Amino acid sequence: MYADLRFEVVFNRSGAAVNGEPRDGSESENAAYTVSVHVADRAGPAGHGQTGSEIGAIAGRSTKLVTELHRGLDEAYERARFSARKKAELIAHLGDAARGLLVAPLPPREKVRDDVDASYRRDPRSLSTDELKKISLDASHQVAALGDAIAYQVVAAMTELRREIFIDTAGTVVSQAYAFSQGDCYVVAQIGDGHQETYDSIGQQHGLESLSDGWRGELMPNPDLAKFCVELATEARELAAAPVLKPPEGEVVVVTDPHFNGLVSHEVIGHPCEADRALKMEAAYAGRSWFLRSLTDNQRGKQVASPLLSACSDPSLDGYGHYRYDHEGTRGLRVMHIERGIFSGFLNSRATAAVLGAEPNGSARASEGWHVPLIRMSNTFFLPGETPPEKIIAEVEHGYYVCGNQVPSISESRENFRISARRVYEIENGQIGRLYRSGSVIADSKSFFTNVDAVGNDLRLIAIPNCGKGQPMQIKRMSNGGPTLRSRARLAGN
Amino acid sequence: MRTLAEIKAFTREAARILAREKDLASYEIYCATAEHRIARLSYTSDIPSRGLEEFKSLHADGFQLRVAMRRDPHEVGAAFEAGDFSSDSVRDAIRRARSAAVVDPHFSGFPATPLGKVGASEKSDLSRVGDGAIAAAAWDVLNGALTTFAKRRAEHRTDHPGLIIGGDVSVIRDRIAIFNSNFTEVRSDESAHFNASVTSIIESLDAKGTATALGDSAAAMRREAHVLGRDAVRRALALPDGARPRAGKVRVVLGPQPVAEILNYMVMGSLTTGSFHAASSAYHAKFGAAVMDSRLSLVDDPAFRAGAIRRRISCEGIPTGRVDLIRDGKLVGLLSNFYDTNRMLTDEHRVEKLGAGAPAKLDFPPLSGYRLGEGGGRRFDASPGSAGTNVVMRARDGVGDGELVRAVGDGIYVGRIWYTYPINGQRAGDFTCTITGDSYVIRDGKIAEPLAPNCLRINANIAQVFEHPLAVGMRPRAATVWGSPEAYYVPAIAAGSIALAEVGATI
């Protein structure tokens, strides 16, 4: 038998304003745990059971807490036993037709002991909620001052501290803390018949200072919340007055900026590099992966992109997806997904690593203390090249400069995508020309990556605050990004 | 999970504590206990798999209180507490709510709607069904799928069939109790329903079939579990080696699942007072106007007899009721909660936002104020938003499936779509998605060969689907949408001139 327990406490403060008026403030704390049990029946096959529960202030009362953890452990254990028994019955009943159910037990590993602190200057617990209300209201006031073209706007600010402890029956004890601060802005602008909805976030694994003063980190800088919101709203106002893109026929040259490429790396590299998806475990929900048809027929070691293109996930970097250990107690490692155009590896959990014959790389993470871990991106991005973005644009005789991501729609195995941009500019003879709204890039993934002929030196990560996966849906924070890229794709308007 | 009696007693006690606070002008205490039990399927014939990948449960009990201050009735604060139903936790939550308070000029107090004659809860036996029944249902799905697959025809047998069975059997149950200083009694509600979906992919045949079920009884869950796995595999086996048509503008039949998915991601969000206030509705300035074909009507009905979701009381304590959203093609109603109703009615730009067709006397009853989590159950820590329950689309002069296909002549029957998003924002109404399974080519008014999954992307606008359909189906059928709090009961719709783009074959 193997069992693990993850226990988490969260302290959160937030504030929100709408149309330059206060709307919300909150101070909250919660605690939760998940237990996971793997047990083998006498007949052989392993069964698995989990329980997750939000327990709040019970966490502060040791007798009640221990009683609750026992209840959860008993429940998960009984589920695992029941599952093992039913699996044995099915194998006995169907024989070879149920051969897929024979899964090897998790390989043993060295126990780990570590304690990881959060990074912040301003402790979310010692602030006043009034500060959160104030910075969101100030930002919303400044957006409102842009005039009547801003039909509606919401600004939200949040800062929180999380601490979790993971223990397992193999002796691992890992304690980790995280500080998250996030600002969100949603704007609807309208001018005449033109309208533009825009939403974006800034986020750091630091204290409120990253919103109130801005953040000057090399990979993921952000202005202060008010400046961020004003820039977003100003852009929305400009776009509401811009024409809708009339898409050209056929493929064209597209230069995509780091913000747009953040969503490309997220949807078309990061997600299909999740081993649970590649191994078909997500087929009913989030789909499969274009990198793996089967254990013998897949893209490992094969050319999937231009030799100029490389991509990786690196949880050690100071991004929104930073962590040291995942929620199975495995150290998070840098994973190269594409090296000079060659596909090289998946994000994995202990179980999926065993199936793939790989070493666990520490990518199994849950969104909340009561959720089971899924395989997740960390800081996932395209690696930079050496070309200045200005040169990449200047070399284009006729094409389009695609800036800022908006909404993605990805095909089932991530082999094709349509991602809308916030701004699309025409490029004529190396010069940026007219601005259009409602433009999207449509491409087959492999074709888009293979056609990359320039990679910028301007790597930037962006915070992705709301990646959904799992059943029920878990919403996870992470970073994605890349440098400016140049490739070929079709464009769509509306 | 706490009993209804427990949370009602706690709500009463919390109300007594709140009533003693002299600086509060008004208050609300909302208590919710919820449980989501999930048996998640994951079987692959050629890759080791667990069968039941996750057999898990999520429990969430807690309360939320909202207080308005005596010194300014627009000064309102909220706080929540998980797990702890003690007097001390109420006092601590009051302290935090005071600290969180903001002066919201649009806060207009708490509802005072009388309870009236609300029927007793129709208690589903799913409210007490245990792990054994849920897990047995999940294994029954898998047994049905594998047994059916084992009996496949000889030409479909290969050493590496690439059979994938995914999906889940889930039971969602919740109980709430609510009181505010305008009420004379603690109001309560409870509901339970199951949701099961099964996806079968046979990679050697490049085929995908699905089956889903919704219901509100343990007997229905057992019955559906017995056939879902079988049905999903049968559908996949009927779709081998599908065609990959060229791009172009094509006539299509959208089956119930695609119609439900388009409604969920593209339409329902636009049918709220909040979206009209935010100027982000796809029907901006079209209230009272024709927004769909005159044969189509759309309602949200928490008491729909065939519906899986039963709610008597909203999460604001207001008796729920049917909301007519679209009647004979005209936009006549919106989902709303108490705050958004008042915000819309006092919005100085409401005439411009609703449009010239809106009636002079506006009424948006706040019948749909729910505090929901990701799984669709009621949560203690969520703020009231507007959501549907059982969304029912009915069609006048509806026709049978054969007639729908004949109306298309040459085109595609779209049985399932995926990743449907408002690509240019909700207000634009533009959407894109890919066709993922259960689909066929239509030729000469008849179903012809299967369509390969994931070979076509739809690029369209909701107006192309709902404004001028070629024909509409006569019977609403149950359909589920991943992650949606609503259950859908919708007909198939035949639409003309939908743009399809090719997706390259990679996997």
Side-chain angles (χ1 to χ4, degrees), chain A residues 21-23 25-28 30 48-58 79 82-83 86-87 90 94 97-98 100-101 103 129 133 151-152 188 195 197 279-281 283-285 290 293-295 355 370 372 407 409-413 415-416 418 420 438 440 444 446 471-473 492 494, chain B residues 36 40 42-60 62 81-84 89 96 99-100 102-105 131 135 139 143 146 150 164 166-168 199 201 278-280 374-375 418-419 421 423-425 427-428 430 432 434 436 454 482-483 503-504 506-507:
Chain A
E21 294 171 335
R23 180 63 198 271
S26 87
E27 171 201 315
S28 65
N30 201 352
H48 307 83
Q50 293 104 351
T51 288
S53 190
E54 290 174 72
I55 55 175
I58 287 174
R79 286 174 181 163
F82 188 90
S83 215
K86 295 296 283 188
K87 189 184 291 187
L90 199 62
L94 291 171
L101 293 173
V103 55
T129 303
K133 294 184 234 173
Y152 184 77
V188 179
H195 58 89
E197 293 169 65
L279 295 175
K280 329 289 183 183
M281 294 156 66
Y285 308 105
W290 66 285
R293 182 176 176 83
S294 72
L295 293 177
V355 173
W370 61 87
V372 301
V407 179
S409 175
I410 317 298
S411 61
E412 194 260 2
S413 296
E415 71 274 42
N416 171 279
R418 176 176 174 182
S420 55
S438 300
S440 312
D444 288 335
K446 189 171 179 178
Q471 170 72 337
M473 191 85 80
N494 66 356
Chain B
H36 191 166
R40 185 170 166 183
S42 175
Y43 176 85
T44 43
S45 60
D46 301 328
I47 297 171
S49 56
R50 291 175 174 175
L52 216 56
E53 171 60 27
E54 294 165 6
F55 183 10
K56 64 192 176 188
S57 62
L58 312 174
H59 308 264
E81 185 73 50
D84 187 4
S89 69
R96 283 188 284 113
S99 149
V102 296
V103 178
D104 177 352
D131 275 357
W139 283 105
N143 187 13
L146 297 184
I164 303 166
D168 65 281
T199 294
I201 298 174
S280 64
E374 293 298 337
W418 195 77
Y419 223 128
Y421 274 174
I423 195 75
N424 291 321
R427 183 163 155 181
D430 300 328
T432 185
T434 51
T436 58
N454 315 314
W482 178 37
V503 172
T506 304
I507 188 167

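The structure presented is a predicted model; accordingly, all values stated were derived computationally and were not measured. Protein chains get the first letters and strands the later ones, always in sequence-line order, with residue 1 at the start of each.
Listed options B/P105, B/A150, B/G51 were ranked by heavy-atom pairs under 4.5 angstrom with chain A; first place goes to B/P105. Ranked by non-hydrogen atom pairs under 4.5 Å with chain B, the options A/V188, A/I58, A/L101, A/L295 are led by A/L101. Heavy-atom pairs under 4.5 Å with chain B peak, among A/K86, A/R23, A/M281, A/E21, at A/R23. Most heavy-atom pairs under 4.5 Å with chain B: of the set A/G49, A/A57, A/S411, this distinction falls to A/S411. Most heavy-atom pairs under 4.5 Å with chain A: of the set B/T44, B/T199, B/V102, this distinction falls to B/V102. Considering only heavy-atom pairs separated by less than 4.5 Å from chain A, the leading option among B/S280, B/G83, B/S57, B/G62 is B/S57. Of all the listed residues (A/S28, A/A97, A/P472), the one sharing the greatest number of non-hydrogen pairs under 4.5 Å with chain B is A/P472. Between chain A and the residues B/A60, B/A278, B/A279, the most heavy-atom pairs under 4.5 angstrom are made by B/A278. Note on A/E197, A/Q50, A/R79: by heavy-atom pairs under 4.5 Å with chain B, the leading option is A/R79.
A/E54 touches chain B through backbone and side chain together, each having a heavy atom under 4.5 Å away. Of the two parts of A/E27, the backbone and the side chain both hold a non-hydrogen atom closer than 4.5 Å to a non-hydrogen atom of chain B. The part of A/L94 that comes within reach of chain B is its side chain, from C-beta onward, which places non-hydrogen atoms under 4.5 angstrom from that chain. Residue contact with chain B, scored on non-hydrogen atoms closer than 4.5 Å, involves the side chain of A/L90 exclusively. Interface remark: A/H48 contributes backbone and side-chain atoms alike to the contact with chain B (heavy atom separation under 4.5 Å). Residue B/S89: no heavy atom, backbone or side chain, is found under 4.5 Å from chain A. Residue contact with chain A, scored on non-hydrogen atoms closer than 4.5 Å, involves the side chain of B/E81 exclusively. Only the side chain of B/I201 has a heavy atom closer than 4.5 Å to any heavy atom of chain A. Both the backbone and the side chain of B/L58 come within contact range of chain A, with heavy atoms under 4.5 Å apart. Only the side chain of B/D430 has a heavy atom closer than 4.5 Å to any heavy atom of chain A.
Between the A/S409 side chain and the B/Y419 main chain, a donor and an acceptor come within less than 3.5 Å of each other. The main-chain N or O of B/V503 is never found under 3.5 Å from a side-chain atom of A/N416 such that the two would form a donor-acceptor pair. Formation of a donor-acceptor pair under 3.5 Å by the A/T129 side chain with backbone atoms of B/A100 is not found in this model.
Pairing each heavy atom of B/P48 with each of A/V355, the nearest pair is CD-CG1, 4.1 Å. Closest heavy-atom contact between A/Q471 and B/E54: O-OE1, 4.3 Å. Residues B/N424 and A/S440 approach most closely at OD1-OG, 4.4 Å, considering heavy atoms. Across B/V103 and A/P22, no two heavy atoms sit closer than the pair O-CG, 3.0 Å. The minimum heavy-atom distance between A/E415 and B/G504, with the atom names listed, is CG-O, 3.7 Å. Across all their heavy atoms, B/A82 and A/N30 have their closest contact at CB-OD1, 3.1 Å.
Taking A/K133 as the reference, A/D130 meet the side-chain hydrogen bond (donor to acceptor under 3.5 Å, both in side chains) condition, with sequence neighbours excluded. Listed by chain and number, the residues in a salt bridge (Lys or Arg N to Asp or Glu O under 4.0 Å) with A/R418 amount to none (sequence neighbours excluded).
Taking CG from B/L52 and NZ from A/K87, the interatomic distance works out to 8.0 Å, rounded to the nearest 0.5 Å.
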Set out, in order, the CA-CA distance, both residues' side-chain angles and the distance that settles side-chain contact (heavy atoms from CB on, under 4.5 Å) for A/K280 and B/Y43, then state yes or no.
CA-CA 8 Å; A/K280 329 289 183 183; B/Y43 176 85; over 6 Å; no
Between B/D46 and A/S294, does a side-chain contact (heavy atoms from CB on, under 4.5 Å) hold up when you go through it step by step?
CA-CA 8 Å; B/D46 301 328; A/S294 72; 5.9 Å; no
Is there a side-chain contact (heavy atoms from CB on, under 4.5 Å) between A/Y285 and B/R40? Walk through the geometry before answering.
CA-CA 11 Å; A/Y285 308 105; B/R40 185 170 166 183; 3.3 Å; yes
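No side-chain heavy atom of B/H59 sits less than 4.5 Å from a side-chain heavy atom of A/I55. Taking the side chain as every heavy atom from C-beta outward, B/D131 and A/F82 never approach each other to under 4.5 Å.
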